[in-house]
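Given the structure is predicted, the values throughout are model-derived calculations rather than measurements.
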Amino acid sequence: MKLQTPATPAPQDAEARRAIRPTICYPIDTLPQPDLAGIDVGRAGAEKIGEVLVPPRDARCVAVPAGGFFRITCTEGSQVGDLNLWNATDLKEHFFSGKTRALHGTHLSTGDRLWSRLPYLRPMATIIADTLDWYGFDAFGGSVHDVIGTRCDPYTGRLLSGSDYHYCCHSNLTRALADHTGMSLTEAEPLVHDVLNVFMCTGFTADTHQYFMKASPVRPGDYLEFMAEIDLIVGLSACPGGDCGDEHTSDKAACHPLLIEVFHNPAFTHEVPPVNAYDRSHGR
Ligand SMILES: [Zn+2]
């Protein structure tokens with residue numbers, strides 16, 4: 001946080017230093033681009049192979065094969081979802097929201113990819129459709145589907161309010177992963193990770209640069225759709241914040257279910273991206 005009255009006086013060339021133009025940390029022109037047109041053809045011939053309804057203030061996991069598709073749909077009312085992805089055959093490889101943010105920006109939409117953590121760093125899923133892509137950025141600097149936030153959790157709740165709430169996205173995803181895999185809660189919890197905030201509308205305030213949320217513009221029928229780049233376990237929590245217009249980490253907000261549908265087209269050939277080619281010698 002910036003102090004109102006800084007302790008250090010500004011140097012004479014302060015304005016010149018501030019005027020240096022920024023440069024993009026990670027230009028992505030060299031990234032291999034997804035073949036969205038080819039994917040669309042594969043998607044058009046796909047049939048539904050499963051679905052799961054995620055109850056409010058709870059989470060579910062579902063398996064999606066490489067080259068398959070999954071769609072997250074808002075059903076009965078505005079609702080935000082916290083998404084985790086794991087490699088179905090090696091749960092240590094999971095979604096890396098921080099590097100995804102560094103590559104694609106704070107909010108994701110069609111064509112952006114969800115990357116896995118180091119040392120794997122490969123696309124786990126590609127966004128292929130987004131019915132909220134019209135939203136763009138609003139006058140507050142807010143947009144949808146962020147990779148800024150982490151996930152609501154009982155530890156931060158205890159830190160800030162001193163009370164325990166058990167149906168935060170972190171706990172919901174922990175229970176869902178444990179139920180899906182047969183692991184204990186203790187084994188599952190460390191595998192839960194920072195999320196893609198599906199449908200959530202967020203940004204940073206212009207004055208204090210604090211993370212803000214506002215009521216999601218999502219309405220029943222809206223969806224976000226992905227192609228699985230590798231065999232996935234997809235975990236989704238219907239956040240206790242509901243549309244996240246007011247508060248989370250409590251039972252106060254109106255909450256609704258979210259639908260995950262899985263589609264597959266056996267005739268669609270998909271090449272699974274290899275794990276990152278860095279040799280991991282780290283200079284030794
Ligand atoms: Zn949440």
Side-chain angles (χ1 to χ4, degrees), residues 1-34 36 80 82-83 94-128 130-153 156 159-160 193-218 224 241 243-248 276-278 280 282-283:
M1 186 179 288
K2 297 285 179 295
L3 299 171
Q4 287 298 323
T5 313
T8 312
Q12 295 230 314
D13 64 346
E15 281 317 308
R17 293 196 209 175
R18 289 193 183 108
I20 295 169
R21 296 193 70 78
T23 182
I24 298 293
C25 293
Y26 294 104
I28 56 170
D29 353 330
T30 53
L31 276 184
Q33 293 302 307
L36 290 176
V80 158
D82 284 48
L83 181 74
H94 62 62
F95 173 50
F96 187 179
S97 75
K99 192 61 79 181
T100 300
R101 177 173 66 244
L103 289 168
H104 295 301
T106 51
H107 298 78
L108 306 187
S109 189
T110 307
D112 291 332
R113 305 177 113 170
L114 283 71
W115 296 80
S116 60
R117 59 172 285 213
L118 307 183
Y120 312 96
L121 198 63
R122 62 173 162 175
M124 300 184 80
T126 297
I127 299 178
I128 60 167
D130 173 13
T131 65
L132 291 177
D133 59 1
W134 56 269
Y135 192 85
F137 279 85
D138 60 36
F140 304 96
S143 190
V144 289
H145 315 309
D146 79 75
V147 276
I148 316 167
T150 56
R151 70 268 189 192
C152 59
D153 72 272
T156 309
L159 192 67
L160 296 176
H193 49 276
D194 287 350
V195 300
L196 167 63
N197 276 312
V198 178
F199 305 138
M200 191 167 178
C201 190
T202 59
F204 293 103
T205 57
D207 48 359
T208 61
H209 303 278
Q210 284 174 290
Y211 183 47
F212 75 73
M213 61 184 191
K214 54 180 281 192
S216 172
V218 72
L224 188 64
D243 71 358
C244 286
D246 189 8
E247 68 172 278
H248 52 78
N276 193 277
Y278 174 62
R280 305 185 193 182
H282 304 292

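Side-chain contact check for Leu108 versus Leu114: some heavy-atom pair is nearer than 4.5 Å.
Between the side chains of His104 and Ser109, no donor-acceptor pair is found at a separation under 3.5 Å.
The aromatic rings of Phe212 and Phe140 sit perpendicular to each other, their planes meeting at more than 60°, with 30° as the lower class boundary.
Residues in residues 133-142 take part in these salt bridge (Lys or Arg N to Asp or Glu O under 4.0 Å) pairs, two or more places apart or across chains: Asp138-Lys214. Applying the salt bridge (Lys or Arg N to Asp or Glu O under 4.0 Å) test to every pair with at least one member in residues 110-128, sequence neighbours left out, gives these pairs: Glu93-Arg122, Arg113-Glu229.
Residues Ile148 and Tyr211 come closest through the heavy atom pair CB-CE1, 3.8 Å. Here the closest non-hydrogen pair linking Cys244 and Met213 is O-CG, 3.3 Å.
Rounding to the nearest 0.5 Å places CE of Met124 at 9.5 Å from OG1 of Thr100. Atoms CZ and CG, on Phe95 and Leu83 in that order, are 7.5 Å from each other to the nearest 0.5 Å. Rounding to the nearest 0.5 Å gives a distance of 7.5 Å between CZ of Phe96 and CG of Leu121. Residue Asn276 holds its CG atom at 8.0 Å from CG of Leu118, rounded to the nearest 0.5 Å.
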Would you list the atom pairs, donor with acceptor, under 3.5 Å between side chains in residues 17-26 and any protein atom, with sequence neighbours excluded?
from	atom 1	to	atom 2	distance (Å)
Arg17	NE	Asp13	OD1	3.0
Arg17	NE	Asp13	OD2	3.2
Arg17	NH2	Asp13	OD1	3.3
Arg18	NH1	Glu15	OE2	2.7
Tyr26	OH	Lys99	NZ	3.1

